Amino acid sequence: MWQGLLRRKHYYFVMFALISIAVVAFSFIVYKHYERIQARNDAALYEYEMIRLSRVVVIDLLDMETGVHAYLISGEPTTLEAYMVARKMLERDLSSLSGLILRRDPDSAADLYIWIDRIRAFRKVLDDQIENRTLERGQAIQLRTFEKQTREMANIRRLIETNTVKRLIKVRLQAAEAKTERSNFFYTVVIGNVLLIGIMLMGTVTIINLETEFQARLAAQEASQQRYREVTEGINDGLFEINFLTDEFYCSAAYKAMLGYGPDEIANEAQVMRNLIHPDDRADADAALKRYMDGSDAVYRNVFRMRHKDGTYRWILSRGVGIGDDFSSFKTMIGTHADITEQKQREEELRQLYADLETFTYITSHDLRSPLVNLKGFSKELQLSVTDVTAALKPYEAQFDQASRKILDTALGEDIPEALGFIAKGVERMDSLTRAILDLSRIGKRVFTLEKVDAQAVFDKCIGALGYDITHKGITIDCQPLPVLVTDPIALEQIFGNLLDNAVKYLRTDVPGRIEVSVRETSNDFIFTVADNGRGIDEVDKPKVFEIFRRARNTTEVGGLGLGMAYVKATLRRLSGGIWFESAIDDGTRFHFRLPKRAAITEPVTPPADDVRISA
């Protein structure tokens, strides 16, 4: 969820940055267009101002010329007032024109200086005319002087008009360029607005999509949480969460309910819940939690007793998982509590039942052997007595008739010895069975020692023990290289011995015998396979394979009690392994047995309650 929020903030920031960059770029472009248009406007105003000032200068010169003409015609000094006023105006207008040119267009200063020279020459002509008229009062105007004046004035006007025409042409060109700039500015504004609207639309669509996705994920999360609550409520497990940094503790209503408390009847404090643990279990519970937090245990699974509201104690199975930056620094733990009191009671009942069954098995087997010894001993006595009776009757054989002698011979020579033979075999069979029962019952008491075992060496040892039968029957043994594993060496020898012994005993006589042994390694186990091409097992006999004293129907001529596979299965269960097989009549049998991978340590393996029950 937080990653989603961060991604949305990232998208928002990107969209804001894009819009900001687009606005700034558009504003910069608009400003540049404005500057260009304003510069062209200023240039046009400058040109118009130059044209105006040029024409004002021309007007001033014409006024000066008119005043001089009036004076030359009339000779009246008063007519020179217009000349003097125009002359002052000319000085002012020339000063404005010069300042404007030097300020805005220094490159045009050369034309200005030509104007000034021409104007000064024209003004000198006028001054000369005034002076001549003043000194030659009444005389006629000299034609030469008037023509010079007219010529100078024409030159000045031609220069100014030429410059004015140039400036007008320049103004027209600038006006055309300004029109183009205005068109470009319009297109820039349109394109900029389209881009801005597009970016804002894209940002809006992106934000709407993100919000829609967020709402969908939020809804999915709510649905998942609802399903989780329904599942946890359905299985009646209590939830808890511990924050090791702040010592905050939370437990669900189901957690409290399994101890008989309502949601508000007991505080949500870790110490309060710890005090409910049975005093005898408290230290072990703390040690289990510490081992998990230290990384010594890969999973947290703890069983202890907690005090119920009614004063009794309930067995609790506590499981949890730590959450933190790494495995060695948990910050919180989330887990569940399950009430396993009934399971513990059943285990205790089964343990007691097993103890009673074991006692019964031992007593039964032991007590059965006592009368068997008596039967065996008295049968020997009877056999000796029959011998004695036969010897005692030997001298009197002639006194018996033929029929009596035949009856005695049949009874003493055939019936009684045969009966005694049956009794002896029955006693031996019964003695073997009672011994087998005792041996099988002792599996649950045996303590296995785990150590490194070379499976190949154990297999070779078992093959050596069966060497005579293998050589005599011409059996081919094909064995893949077997690994070194951690298990009990005696147990592995007994497993291989029983499987190989069965494979040798139940081979077919019409085909050469062949036994193949292989191993397959998985992530957690070694899986061994012992395959033969023997008689196979019928479908109806397959359920009997691992039962005691049960044998297949096609094995009557082969000796055995039917305990070997039951012994193998019980041993593998004690070692946390398993066994299964595949078989068909006349197609052989493939037995597979599994042994778990373990660390290379030496430790005793004591029988758990369920393994003890199965072994019995």
Side-chain angles (χ1 to χ4, degrees), residues 429 432-433 435-437 439-441 443 455 458-459 462-463 465-480 482 491-520 522 525-596 611 613-616:
R429 175 70 176 173
S432 298
L433 292 176
R435 288 180 183 276
I437 291 173
D439 291 339
L440 190 60
S441 67
I443 296 177
V458 173
F459 176 80
C462 294
I463 291 295
L466 296 169
Y468 175 78
D469 289 335
I470 292 173
T471 303
H472 179 69
K473 294 181 179 181
I475 302 171
T476 302
I477 305 294
D478 185 5
C479 179
Q480 295 181 1
L482 301 181
L492 183 60
E493 182 179 347
Q494 291 171 339
I495 293 169
F496 270 132
N498 277 284
L499 291 175
L500 291 172
D501 184 59
N502 279 354
V504 170
K505 286 194 300 186
Y506 300 123
L507 287 173
R508 294 166 57 185
T509 58
D510 56 338
V511 295
R514 183 178 184 84
I515 298 175
E516 298 178 356
V517 179
S518 61
V519 63
R520 177 168 56 91
T522 67
D525 306 293
F526 290 104
I527 299 177
F528 296 85
T529 300
V530 179
D532 62 63
N533 62 341
R535 307 178 185 186
I537 303 172
D538 196 359
E539 289 295 327
V540 296
D541 292 326
K542 287 181 178 179
K544 308 173 185 178
V545 170
F546 298 110
E547 296 180 4
I548 61 173
F549 308 137
R550 301 293 295 273
R551 304 182 68 198
R553 291 170 295 177
N554 61 345
T555 61
T556 54
E557 76 278 8
V558 180
L561 296 175
L563 286 172
M565 299 311 298
Y567 187 89
V568 169
K569 184 176 182 179
T571 302
L572 283 168
R573 283 180 171 171
R574 284 286 314 281
L575 293 172
S576 301
I579 185 169
W580 64 99
F581 67 93
E582 304 156 1
S583 183
I585 291 294
D586 294 333
D587 195 29
T589 305
R590 296 173 59 87
F591 277 98
H592 310 277
F593 69 92
R594 174 181 57 84
L595 284 173
D611 283 342
R613 184 182 70 251
I614 294 171
S615 297

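Counting begins at 1 with the first residue of the sequence. Keep in mind the model is a prediction, meaning the values are calculated, not measured.
With rounding to the nearest 0.5 angstrom, the NZ atom of K569 is 13.5 Å from the CD1 atom of I495. The line from OG of S518 to CZ of R590 is 6.5 Å long, rounded to the nearest 0.5 Å. In this structure, OH on Y468 lies 9.5 Å from OG1 on T471, to the nearest 0.5 angstrom. Rounded to the nearest 0.5 angstrom, I463 CD1 and I470 CD1 are separated by 4.0 Å. Of the inter-residue distances, the one linking L492 atom CG with Q494 atom CD reads 10.0 Å to the nearest 0.5 angstrom. Expressed to the nearest 0.5 Å, how far CG of D532 lies from OG of S583 amounts to 7.5 Å.
F593 has its ring centre no less than 6.0 Å from the ring centre of F526.
Under the 3.5 Å distance criterion, the side-chain polar atoms of D541 are left unmatched by any main-chain donor or acceptor of I537. R508 contributes a side-chain N or O that, together with a main-chain N or O of D586, makes up a donor-acceptor pair within less than 3.5 Å.
When all heavy atoms of L500 and C462 are compared, the closest pair comes out as CD1-CB, 3.9 Å. Between G513 and L507, the shortest heavy-atom distance links the atoms CA-CD1, 4.0 Å. When all heavy atoms of Q480 and V519 are compared, the pair lying nearest together is OE1-N, 3.7 Å. A pairwise comparison of heavy atoms in T571 and A491 identifies CG2-CB, 3.6 Å as the closest pair.
Shown here are the side-chain contact (heavy atoms from CB on, under 4.5 Å) partners of T476, two or more places apart in sequence or in another chain: R514. Considering only residues two or more places apart in sequence or on other chains, R520 meets the side-chain hydrogen bond (donor to acceptor under 3.5 Å, both in side chains) condition with none of them. Partners of F591 under the ring-ring contact (aromatic ring centres under 6.0 Å, His included) rule, at least two apart in sequence or in another chain, are F581. Partners of P512 according to the side-chain contact (heavy atoms from CB on, under 4.5 Å) rule, which considers only residues two or more places apart in sequence or in another chain, do not exist here. Listed by chain and residue number, K505 satisfy the side-chain hydrogen bond (donor to acceptor under 3.5 Å, both in side chains) test with D501 (two or more places apart in sequence, or in another chain). Considering only residues two or more places apart in sequence or on other chains, K473 meets the side-chain hydrogen bond (donor to acceptor under 3.5 Å, both in side chains) condition with none of them.
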Q: Applying side chain to side chain contact (heavy atoms under 4.5 Å, CB included), run through D525 and L595 and close with a yes or a no.
A: CA-CA 6 Å; D525 306 293; L595 284 173; over 6 Å; no
Q) Which is it for F459 and F528 under the ring pair (Phe, Tyr, Trp, His ring centres under 6.0 Å) test, yes or no, and what are the steps along the way? A) CA-CA 12 Å; F459 176 80; F528 296 85; 9.7 Å; no
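Residues L499 and I579 have side chains in contact (heavy-atom distance under 4.5 Å, counting atoms from C-beta outward). Side-chain contact between I585 and R535 is absent, with no heavy-atom pair separated by less than 4.5 Å.
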